[in-house]
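The sequence lines fix the lettering, A, B, ..., with proteins before strands; numbering per chain opens at 1.
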Amino acid sequence: AQSVTQLGSHVSVSEGALVLLRCNYSSSVPPYLFWYVQYPNQGLQLLLKYTSAATLVKGINGFEAEFKKSETSFHLTKPSAHMSDAAEYFCAVTPGGTSYGKLTFGQGTILTVHP
Amino acid sequence: DVKVTQSSRYLVKRTGEKVFLECVQDMDHENMFWYRQDPGLGLRLIYFSYDVKMKEKGDIPEGYSVSREKKERFSLILESASTNQTSMYLCASTSNTGELFFGEGSRLTVL
């Protein structure tokens, strides 16, 4: 079984500041990990994914995440926030293989960006 | 441009009504999923399907059923809607790349 915990349901940053969204997971097998973003009134869009290759994963819109097995973490970062980054972000885990798509999601973190 | 289309963006139904939520994908994906999204709970898997006429229960299947008669279409059915089924419903598909493609969601209100 797997689970995901996102620390902080709301995160607020100033434009230009560092964005850090935290995600911790538990999984009984080596996991595949994902970050998705949801803009208002839209479905979810993939930001980036970790599938057991490089531990530092780069995604779209300047986001990246680092897989740390010892800390069971997959935190999402962006060096400089932009107003257009305001959205809800979801971390998700799956054991992969034939379970593709059978993701377990965290509860989501709403990112607010102030001018 | 790849697409997952959910037929209804907003629905209002009465308690006890039968509700159909339709989802169509144009990517020839084998795998399709129905998730429910509630504030503070994230997304929870209701049902999924890896092939035509095949279905498997997810984490919260109670009160729901599904139908997959064609590869591109996956329907979610609420046999007798209840107020606790008021929610956002998201359909998704994948072809074993690990990336889920989502529709824009169907927001259901049950009165």
Interatomic spacing from OH in A/Tyr32 to CD in B/Glu99 - rounded to 0.5 Å: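 One gets 14.5 Å once the value is rounded to the nearest 0.5 Å.
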Side-chain heavy atoms nearer than 4.5 Å, only ILVMFWY residues, links allowed to pass through others: does that put [X] and [Y] together?
X	Y	result
A/Phe90	B/Phe33	yes
A/Val13	A/Tyr39	yes
B/Ile60	B/Tyr47	yes
A/Phe74	A/Val37	yes
A/Val11	A/Met83	yes

Let me check something: any side-chain donor-acceptor pairs from residues 36-45 of chain B under 3.5 Å, sequence neighbours excluded? List them with distances.
| residue | atom | partner | partner atom | Å |
| --- | --- | --- | --- | --- |
| B/Arg36 | NE | B/Asp38 | OD2 | 2.8 |
| B/Arg36 | NE | B/Ser87 | OG | 3.3 |
| B/Arg36 | NH1 | B/Tyr64 | OH | 2.9 |
| B/Arg36 | NH1 | B/Asn84 | O | 3.1 |
| B/Arg36 | NH2 | B/Asn84 | O | 2.6 |
| B/Gln37 | OE1 | A/Gln38 | NE2 | 3.1 |
| B/Gln37 | NE2 | A/Gln38 | OE1 | 2.7 |
| B/Asp38 | OD1 | B/Ser87 | OG | 2.8 |
| B/Asp38 | OD2 | B/Arg44 | NH2 | 2.8 |

Per-residue contact mode, A/Gln45 against chain B (heavy atom under 4.5 angstrom):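 A/Gln45 has no heavy atom closer than 4.5 Å to chain B.
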Heavy-atom distances under 4.5 Å only: say whether B/Arg107 touches chain A with side chain, backbone, both or neither.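 The answer is neither part of B/Arg107.
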Side-chain contact, heavy-atom cut-off 4.5 Å: B/Leu100 with A/Phe34?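 Side-chain contact under 4.5 Å: no.
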What's the shortest heavy-atom distance between A/Leu103 and B/Tyr35, and which atoms?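 Between these two residues, the closest heavy atoms are N-OH, 3.0 Å.
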Which pair of heavy atoms, one from B/Tyr50 and one from A/Lys102, lies closest together, and at what distance?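 B/Tyr50 and A/Lys102 have their closest heavy atoms at OH-CB, 4.2 Å.
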Can you tell which of A/Ser9, A/Gly108, A/Gly106, A/Ala92 has the highest number of heavy-atom pairs within less than 4.5 Å of chain B?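 Heavy-atom pair counts peak at A/Gly106.
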